[in-house]
Amino acid sequence: MRLEVEDLHSGYGRIEVLHGISMAVGAGESVGLFGPNGHGKSTLLRTISGLVPVREGRVRFEGDDITGASTDAIVGKGLIQVAQASTLFPRMTVLEALTLGAYRNAAWSHRRETLDKVFAIFPRLAERRSQHCKTLSGGERQMAAIGVGLMAMPRLLILDEPTLGLAPKIRQELAHQIGLVAETGASLVVVDQDVDLLLGLCPRLYLIEKGRVALEIKDRSQLNHQDILQRYFGSAA
Amino acid sequence: MGAVIVAGLVSGSIYALIASGLSLVWGALGVFNFAHGALLMVGAFVAWWVSDPAGLGLGLFAGILACMIFMVAAGAVLYVLLVRPWIGTPAVELTVIMTTVAGAMFLENLALLIFGARLKALDQVVTGTVKIAGTAMQAQNLLVIILAPVLLGALALFLKLSKHGLAIRAIAQNDEAARLLGIRVEVTYLVTFAVSALLAGVAGVMIGGLFNITPSMGNEPLLRAFLVVVFGGLGSLPGTIIAAYLIGLIEAASSYYIGIYWTPVALFTVLIVILLVRPNGLLGRSA
Ligand SMILES: Nc1ncnc2c1ncn2[C@@H]1O[C@H](COP(=O)(O)OP(=O)(O)OP(=O)(O)O)[C@@H](O)[C@H]1O
Ligand SMILES: [Mg+2]
């Protein structure tokens, strides 16, 4: 298993947000997370990356216990996260931000080759390389954010709502590109509101509700996803 | 006219070195280091003590080298003792004003205790005068004028190309995204302080070679550097550098044409007027 989360509890101040989450991601596997707003998806991912302290439970990455480890130690092992709605580094050029993506020691010396791979997946970033991040369009910024994550040569890449606020056309484009990322061999964890999009990318999904795993979907034929849409998003789209 | 420009460029160069260190720390940590002037003084004393026959007598180059090494360590120690304990506390900006003012006073008194109040001066790296475009100037002045842009260029390259330089800028712009790339914020803050102190030390050596070395020699330059950083636009390094040269030149022109007593008044008037028009400074970002 690349990532194993066991009975994880965490939260902010006096409020506990996660009440015992268990999940696992295999080597090269893509796993999707979805669920209503404010029910703890980002908190789960931030806790895994060491940005929010673990209160109870375990996190293991490639067999190593990383519970309570610092974010830089976790990143050092190749567990990379692209945060939700990241504005990246507003006054850096795309190329500078990408270069910095290779900050972790294992990635730094390979940054030229990795950059070529990133540009192959996101040709638009090559065109925009000398533009400041703050002047990128929403879609381009997401591509840049994912590109920066790829520059770290992830063993596991976490994408927290990569298509947030984007128009359908650009969502399709991004979904296709995330598919290409999955082919690089990195395991993926993707959060999205769009269950169809997730099903296209990930064979396995977790529904996160009220800080718990409400449902694990191992096989897309196992359920009628219209049901889920209706139950959790109040739409039958 | 030529002499005014030379004087303006020399002060501008020195202000630029001092202020860019201050600006770097402000940009990355959001605090002002009030011990920056004292660091400059410490650098000058270290260079003097290592080089001068009254100290170790190892010669000027050994003195400058020792100063640079010492300053990197001094910047790191200053960060660990006076800044790090308060990182992440709600009033960190204010607390760090207190701790660094205290640090500055301590260093000043320590220098007075060790070296006494007698004026000291560093040897000049180059001696004699040179004449450029009809203007005669001390070779040392010319050296300062040439060296400052070289050092500032090196700083710009460090910030644009090196891993640690990019990390300093990243933390200033998006702390969490920086952490998620594995950047160790604490280490990067330390590097920022070390680089900033190094620049202060170089400025100290320049001042020590042109003027005198005294325990209070850093106070005036620190005040100017604050003006420069605010005037240039908080957190903008290019703004800081442009502002440094502008202020150097305005000062030199005003001391020449208006007189030395009215220069501060003239300078502040110009700055206040410009800040009325551009409240965020020359190249400052709106908040
Ligand atoms: N920094 C914080 N401090 C305090 N509470 C927080 C913080 N971040 C999130 N929360 C709270 O934790 C709960 C879970 O938020 P979280 O961001 O994990 O949800 P989410 O499932 O990612 O939602 P969304 O789909 O809107 O991104 C919410 O009630 C939120 O208000
Ligand atoms: Mg979220």
Side-chain angles (χ1 to χ4, degrees), chain A residues 42 45-46 48-52 69-93 95-109 111 130 132-134 141 144-154 156-160, chain B residues 20 23-24 26-30 84 87-90 155-192 232-242 280-287:
Chain A
S42 297
L45 302 178
R46 292 164 54 79
I48 291 172
S49 283
L51 291 170
V52 178
S70 63
T71 302
D72 61 88
I74 293 170
V75 171
K77 292 181 183 293
L79 197 168
I80 311 299
Q81 174 165 184
V82 177
Q84 180 171 343
S86 174
T87 53
L88 275 175
F89 307 107
R91 297 177 300 286
M92 275 193 196
T93 65
L95 186 61
E96 285 172 340
L98 288 170
T99 306
L100 194 64
Y103 183 89
R104 81 181 181 103
N105 285 334
W108 185 251
S109 52
R111 61 191 186 282
S130 27
H132 278 174
C133 294
K134 69 168 172 225
R141 187 170 307 152
I146 300 171
V148 168
L150 281 177
M151 288 298 292
M153 302 177 73
L156 171 74
L157 185 63
I158 294 174
L159 303 176
D160 194 351
Chain B
S20 53
S23 170
L24 204 61
W26 168 265
L29 288 87
R84 192 172 67 180
I87 295 280
T89 60
L155 176 66
L157 288 182
F158 167 73
L159 292 172
K160 283 210 148 290
L161 301 178
S162 81
K163 206 170 150 173
H164 286 299
L166 284 168
I168 290 176
R169 290 169 59 210
I171 285 185
Q173 297 179 24
N174 188 345
D175 185 272
E176 182 171 297
R179 279 176 205 274
L180 283 174
L181 293 178
I183 293 171
R184 277 179 295 169
V185 176
E186 296 275 288
V187 172
T188 307
Y189 285 166
L190 192 107
V191 172
T192 309
L234 284 173
S236 159
L237 202 57
T240 300
I241 292 170
I242 295 170
N280 297 309
L282 289 178
L283 299 185
R285 302 179 296 275
S286 44

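Lettering of chains follows the sequences in order, A, B, ..., and the numbering in each one begins at 1.
Among residues at least two apart or in separate chains, side chain to side chain donor-acceptor pair (under 3.5 Å) pairs with a member in residues 232-242 of chain B are B:Ser23-B:Thr240.
Heavy atoms only, all atoms of each residue included: B:Ile183 and A:Tyr103 are closest at CA-CE2, 3.5 Å. Between A:Thr71 and B:Arg179, the closest heavy-atom pair is CG2-O, 3.3 Å.
A search for side-chain hydrogen bond (donor to acceptor under 3.5 Å, both in side chains) contacts involving A:Thr93 returns nothing, not counting sequence neighbours.
Under a cut-off of 6.0 angstrom, the local environment of NE2 in B:His164 is sparse, with at most 12 non-hydrogen atoms contributed by other residues, nucleotides or ligands. For B:Lys163, the NZ atom is densely surrounded, since the number of other residues' heavy atoms within 6.0 Å is greater than 12. More than 12 heavy-atom neighbours from other residues, nucleotides or ligands sit within 6.0 angstrom of CZ on A:Arg104.
For A:Thr87, the parts sitting under 4.5 Å from any heavy atom of chain B are the backbone and the side chain alike. Residue A:Leu88 touches chain B through its backbone alone, counting heavy-atom pairs closer than 4.5 Å. Using a 4.5 Å cut-off between heavy atoms, A:Leu100 touches chain B through backbone and side chain atoms alike. Neither the backbone nor the side chain of A:Ala152 comes within contact range of chain B; no heavy atom of the residue lies under 4.5 Å from a heavy atom of that chain.
Contact count against chain B (heavy-atom pairs under 4.5 Å) is highest for A:Pro90 among A:Pro90, A:Ser86, A:Ala83. Between chain B and the options A:Met92, A:Gln81, A:Arg91, heavy-atom pairs under 4.5 Å are most frequent for A:Arg91.
A 4.5 Å side-chain heavy-atom check between A:Arg46 and B:Leu180 finds every atom pair outside the cut-off.
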